[in-house]
Amino acid sequence: MRGVNSMSSKTGNQRPVYEHGVDYDPSSRFSIVSYAQQLEKTTLRKKLGLAPNEKLQRKGKGGFGETVEEVYFGYEPNSIQGPDFPDAGLELKVTPVKRLKDGTLAPKERLVVTMINYMTIVTETFDSSTLESKLRDVLFMFYEYERDKDPLDYFFRLVEEWHVPEEDRSTIRKDWETIAEKVKTGHAHELSSGDTMYLEACTKAADSSKTREQPFSEVPAKPRAFALKQSYMRSVLARGLSAQSIEREGKQEGLDLVSLVKTRFQPFLGKSSEELAALFGIKNTDKGFYSRITRRILGIQGSGTKIAEFEKADINLKSIRLRQNGMPKEAISFPAFRYCDIVDVPWEDSDLYAQLTRPFLFVLFQIEGAESDKEAPTHLKGIRFWSMPSEDLAEAERCYEQTRELVRNGQYDHLPRSTENRCCHVRPHGKDSHDTLPTPQGTQEPKRCFWLNARYIAGQLALMEISK
DNA sequence: GCATGATCATGC
DNA sequence: GCATGATCATGC
């Protein structure tokens with residue numbers, strides 16, 4: 001894949017400028033990304049063997065990105081619409097991160113993607129939009145900005161190929177539509193970042209008096225660009241860095257995901273929850289105690305951060321306390337459902353179906369004392385990968401369909417109980433009984449969710465012991 | 001000992 | 001302010 005000298009295979013506006021052995025195939029995404037990743041953990045000066053007194057010639061905002069294009073990828077930067085690597089359909093984004101006081105990396109700013117053309121956006125749909133094409137295949141090069149450093153000495157912290165994660169796509173689509181709608185209704189001059197979640201229409205002009213025309217109003221509007229919000233970029237970066245560390249660990253050990261996770265837990269097995277809590281500086285003051293221990297073992301701080309390896313494999317992580325007899329102390333909850341949604345959503349499109357068809361990782365904490373002893377110690381017993389057998393999925397479907405029917409009929413006192421369905425039941429899941437959601441009948445009902453029966457999980461765990 | 005209804009700390 | 005991932009409380 002690699003090794004085609006781009007000097008001879010460059011096309012179009014890509015023109016080699018430096019002669020330092022630019023070595024990638026501009027038609028191969030893999031080749032470009034691999035070549036780019038050679039900059040990870042290093043600087044342009046080191047990688048290119050530049051003299052200590054050599055200075056960056058490009059000035060201003062975007063100057064560093066242009067330097068990377070010119071001296072590393074060997075083509076003349078351009079602002080023509082179209083991808084930076086046209087033959088591979090890849091968009092290059094060289095963007096700064098900064099180190100926070102606590103040592104973690106965070107994006108320095110929003111990521112500007114492309115200018116909003118008020119005249120043409122009104123004829124586009126999201127799927128045919130300029131924005132969508134710019135975000136389809138991205139090569140991110142996150143570098144660490146340091147104020148007094150020459151840019152040639154900036155370290156690249158994460159270089160990765162990126163696509164809009166599936167779970168983020170609908171939000172970005174909605175954001176795009178919100179922005180497009182304002183232009184369509186002649187309100188381009190009222191665009192605001194607060195209207196949207198991940199995407200924003202940020203102002204893009206050094207001179208604030210500059211304006212542009214919009215199609216459905218005489219009022220001139222500020223020029224704006226589509227950008228990924230800084231908060232959204234924080235999650236992109238966090239996911240990328242987490243994946244980076246996991247991949248390195250996996251490569252080092254030559255492990256698949258399951259073995260890698262087992263290896264991660266190995267040193268902690270048998271330890272008491274107090275020991276683990278002390279190890280991670282966690283206090284047992286809340287209901288998320290065991291969840292937080294689990295997340296810390298997996299290398300996560302705080303619950304806002306997604307676990308990259310689980311994100312990628314879409315693993316459902318559940319921490320469970322087991323009684324002496326092997327029965328989980330509690331059932332397993334899922335997010336609350338919306339009464340008005342589930343009546344319309346068929347089983348295979350449902351959130352419950354999506355949840356139950358993901359692989360699960362159960363992290364088992366054994367309660368050591370008697371049932372009556374609330375202060376009984378616990379220890380980390382082990383982990384189990386599990387997926388729901390299809391016959392049980394059919395039983396869950398029965399629970400879902402029953403629930404739909406009962407909600408349709410407004411019979412909220414008869415929702416499926418754990419004694420009525422082998423696998424799942426429905427129970428409250430809100431802040432308290434006043435935490436409600438609207439019903440199709442126009443009334444309010446306490447939030448509820450589907451739960452996996454404790455008894456059912458006990459049976460599944462027992463089966464796994466036998467087959468081990 | 002379990003089922004069921006009620007509730008909570010956290011982090012964004 | 002709210003979703004999340006759970007635990008608590010009570011009675012049968």
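Remember, it's a predicted structure, so these values are computed and weren't measured experimentally. Just so we're on the same page: letters track the sequence lines, and every chain starts at 1. These values consider heavy atoms only, across backbone and side chains, with no hydrogens, waters or symmetry-generated copies.
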| Any side-chain heavy-atom pair of A:Glu368 and A:Thr378 under 4.5 Å | no

| Would you say A:Lys184 has more than 12 foreign heavy atoms packed within less than 6.0 Å of its NZ? | yes

| query | By a strict heavy-atom criterion of less than 4.0 Å, which residues belonging to residues 333-345 of chain A are in contact with DNA chain C? | reply | A:Ser333, A:Pro335, A:Arg338

| Side-chain N,O (A:Arg427) to OP1/OP2 (C:dT7) below 4.0 Å | no

| query | Which nucleotide, B:dA3, C:dA6, B:dT7, lies nearest any side-chain atom of A:Thr419? | reply | B:dA3

| Which comes earlier along DNA chain B counting from the 5' end, the contact point of A:Asn325 or that of A:Arg234, where each point is its nearest nucleotide? | A:Asn325

| Any A:Lys329 side-chain nitrogen or oxygen under 4.0 Å from OP1 or OP2 of B:dG1 | no

| task | Tell whether A:Lys287 reaches the base of B:dT10 with its side chain through a donor-acceptor pair below 3.5 angstrom. | result | no

| query | Which part of the nucleic acid, if any, lies within reach of A:His425 when heavy atoms closer than 4.0 Å are counted: base, sugar-phosphate only, or nothing? | reply | nothing

| request: Check the distance between B:dA3's P and A:Ile457's CD1 and give it to me in whole angstrom. | output: 13 Å

| Does NZ in A:Lys149 sit with more than 12 non-hydrogen atoms of other residues, nucleotides or ligands closer than 6.0 Å? | yes

| query | If only side-chain N and O atoms of A:Ser291 are considered, is one of them under 4.0 Å from the OP1 or OP2 phosphate oxygen of C:dT4? | reply | no

| Nearest-nucleotide 5' precedence on DNA chain C, A:Trp451 against A:Leu437 | A:Leu437

| said: Using whole Å, what does the distance between atom C1' of nucleotide B:dC8 and atom OH of A:Tyr290 come to? | reply: 16 Å

| message | What I want to find out is whether A:Lys182 reaches A:Glu190 closely enough, with some N-O distance under 4.0 Å, to be called a salt bridge. | response | no

| Is there a side-chain polar atom (N or O) of A:Arg455 under 4.0 Å from OP1 or OP2 of B:dG1? | no

| said: B:dG1, OP1 or OP2 - any side-chain N/O from A:Arg323 closer than 4.0 Å? | reply: no

| field | CZ (A:Arg338) with more than 12 external heavy atoms under 6.0 Å | value | no

| task | Write down the distance between CD (A:Gln355) and P (C:dA6), rounded to a whole number of angstrom. | result | 12 Å

| task | Would you kindly compare A:Asp286 and A:Lys447 by the position of their nearest DNA chain C nucleotide and give the one closer to the 5′ end? | result | A:Lys447

| Euclidean distance, atom CZ of residue A:Arg292 to atom C1' of C:dT4 [Å, nearest integer] | 13 Å

| request: Taking only the side-chain heavy atoms of A:Ser418 (C-beta and beyond), determine which of C:dT7, B:dC2, B:dT4 contains the nearest atom. | output: B:dT4

| message | Can you tell me which nucleotide in B:dG5, B:dT7, C:dA6 comes closest to the side chain of A:Arg417? | response | B:dG5

| task | Grab the NZ-P distance between A:Lys431 and B:dG11 for me, whole Å please. | result | 18 Å

| query | Rounded to the nearest Å, what distance is computed from the CD1 atom of residue A:Ile332 to the C1' atom of nucleotide C:dT4? | reply | 15 Å

| message | What I'd like to find out is whether the side chain of A:Phe362 reaches to under 4.5 Å of the side chain of A:Leu317, using heavy atoms alone. | response | no

| query | Would the number of heavy atoms belonging to other residues, nucleotides or ligands and lying under 6.0 Å from CG of A:Asp351 be above 12? | reply | no

| Looking at the side chain of A:Met327, which of B:dA3, C:dA6, C:dT7 is the nearest nucleotide? | B:dA3

| query | Once you round it to whole Å, what is the distance between C1' of C:dT7 and CD1 of A:Ile282? | reply | 16 Å

| request: Send over the distance from A:Asn421 CG to B:dA3 P, rounded to a whole Å. | output: 13 Å

| request: Give a yes or no on this: more than 12 heavy atoms of other residues, nucleotides or ligands lie within 6.0 Å of atom NZ of A:Lys262. | output: no

